[in-house]
Amino acid sequence: VGDTAEFLATLQSRSAAILQPEVEGQITKIFVASGARVQAGQVIMEIDPRRQQATVNQQVANRQSQQATLVNNQAQLDRSHKLFDAGVISRQDYDNAISAHDASKANVAATDASINQQRVQLHYFSVRALSAGVIGDIPVRVGDRVTATTILTTIDKGGELEAYINVPSERASEVHVGTLVDLLNHDGTPAVSTKVNFVSPRVD
């Protein structure tokens, strides 16, 4: 006669990924519903990108202004070089022209790097699936403000499930690695026979 007891178990997928945003903002669009099958790279949601887009546009405008300054300083440097070779201007004036040119060139390079960084940041306002799978519960709605810690949804790639069985603390000493477990269907018939492979040292 077997010594058995029945407990509720929770099944969780080992291949389910939690999707969280990389940026803060307000959700403006949700393109999928729970249960939808998505492909890797597919856009799941959109976070309002307008403020970030304005930042990118401002950086681009600054870059155009700095580029104009660089062109002007390049022309000034070319003139100063010819005048210095002809002995018309001093070495200091020529060095000043070189410094102004180098400074404007560095400004353009720094702004280019900033634009690239801001454009990469802009990419994160479109939340994409990291892998193919099935969309889980979507707890957020259009209009919700999200942060980097907000759970948007889950993507399950399928595969094996783990059963988490909650055992009362007074019976914990009876459970050990290797204990036989039958996972039952709703009608009480065994669905899977397996063994315990992990016992948590923590008590809730």
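The figures here come from the full heavy-atom set of this structure, side chains too, leaving out hydrogens, waters and symmetry mates.
In the model, Asp78 has a side-chain atom that pairs as donor or acceptor with a side-chain atom of Gln74 under 3.5 Å. Under 3.5 Å, the side chains of Gln76 and Arg79 contain a donor-acceptor pair of N or O atoms. With no hydrogens or angles considered, no side-chain donor-acceptor pair links Gln118 and Thr55 at under 3.5 Å.
Between Gln58 atom CD and Gln53 atom CD the span is 12.5 Å, to the nearest 0.5 Å. For the atom pair Ile47 CD1 and Gln26 CD, the distance stands at 10.5 Å (nearest 0.5 Å). Atoms CG and OG, on Leu77 and Ser99 in that order, are 10.0 Å from each other to the nearest 0.5 Å. Between the CD1 atom in Ile138 and the OG1 atom in Thr153 there is a gap of 4.5 Å [rounded to 0.5 Å]. The CD1 atom of Ile89 sits 4.0 Å away from the OG atom of Ser80 when rounded to the nearest 0.5 Å. To the nearest 0.5 Å, the span separating CG on Asn107 from OG on Ser114 amounts to 12.0 Å.
Annotation for Pro190 and Asn185: closest pair O-ND2, 4.0 Å, computed over non-hydrogen atoms. Residues Gln20 and Ala148 approach most closely at NE2-O, 3.6 Å, considering heavy atoms. Taking all atoms of both residues into account, the shortest heavy-atom contact from Ala129 to Gln39 is CB-O, 3.6 Å. Scanning all heavy atoms of the two residues, the minimum distance from Asp144 to Arg141 falls at OD2-N, 2.8 Å. A pairwise comparison of heavy atoms in Ser34 and Gly136 identifies OG-O, 3.0 Å as the closest pair.
Side-chain atoms of Gln52 never come within 3.5 Å of backbone atoms of Pro49 as a donor-acceptor pair (strictly under, hydrogens ignored). Side chain of Asp187 to backbone of Thr189: a donor-acceptor contact under 3.5 angstrom is found. Not one N or O on the side chain of Thr150 forms a donor-acceptor pair closer than 3.5 Å with the backbone of Leu152.
Annotation: Asp3, atom CG; neighbour count of heavy atoms from other residues, nucleotides and ligands within 6.0 Å does not exceed 12. Atom CD of Gln92 is surrounded by 12 or fewer heavy atoms from other residues, nucleotides or ligands within 6.0 Å. Within a 6.0 Å radius of CD in Glu170, other residues, nucleotides and ligands contribute more than 12 heavy atoms. Crowding of Leu11 atom CG: a count of heavy atoms from other residues, nucleotides or ligands under 6.0 Å exceeding 12.
Ile18 and Val127 are members of different hydrophobic clusters when ILVMFWY side chains are connected at heavy-atom separations under 4.5 Å. Note on Val32 and Ile27: same hydrophobic cluster, where clusters join Ile, Leu, Val, Met, Phe, Trp and Tyr whose side-chain heavy atoms are under 4.5 Å apart, directly or indirectly. Residues Phe125 and Val140 share a single hydrophobic cluster, defined by chaining ILVMFWY side chains whose heavy atoms lie under 4.5 Å apart. Tyr164 and Leu183 are not part of a single hydrophobic cluster, where members link through side-chain heavy atoms under 4.5 Å apart. Residues Val23 and Leu19 fall within the same hydrophobic cluster, defined by Ile, Leu, Val, Met, Phe, Trp and Tyr side chains chained together at heavy-atom separations under 4.5 Å.
The aromatic rings of Phe84 and Tyr94 lie parallel to each other, with less than 30° between the two planes, well short of the 60° mark.
Thr179 places a side-chain heavy atom less than 4.5 Å from the side chain of His176.
Results of the side chain to side chain contact (heavy atoms under 4.5 Å, CB included) test with Ile135 over Asp156, Thr154, Ile155 single out Ile155 as the only residue that passes.
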Query raised in the report: Is there a side chain to side chain contact (heavy atoms under 4.5 Å, CB included) between Leu70 and Gln66 once you walk through the steps?
Result: CA-CA 6 Å; Leu70 175 60; Gln66 292 171 354; over 6 Å; no

Query - Thr111 vs Asn62, side chain to side chain donor-acceptor pair (under 3.5 Å): CA-CA, chis, key distance, verdict - result: CA-CA 8 Å; Thr111 302; Asn62 290 340; over 6 Å; no

Requested in this report: Apply side chain to side chain contact (heavy atoms under 4.5 Å, CB included) to Leu184 and Glu6, showing your working.
Outcome: CA-CA 9 Å; Leu184 308 180; Glu6 290 190 5; 3.7 Å; yes

**Report entry** Verdict with reasoning, Arg128 to His123, per side chain to side chain contact (heavy atoms under 4.5 Å, CB included)
**Finding:** CA-CA 10 Å; Arg128 300 174 182 273; His123 177 76; 3.4 Å; yes

Requested in this report: List the steps and the verdict of side chain to side chain contact (heavy atoms under 4.5 Å, CB included) for Gln67 and Arg63.
Outcome: CA-CA 6 Å; Gln67 182 64 33; Arg63 201 264 184 200; 3.3 Å; yes

Using atom types as modelled, flag every donor-acceptor pair under 3.5 Å from a side chain in residues 191-198 to any protein atom, sequence neighbours excluded.
| unit_1 | atom_1 | unit_2 | atom_2 | d |
| --- | --- | --- | --- | --- |
| Ser193 | OG | Asp182 | OD1 | 2.7 |

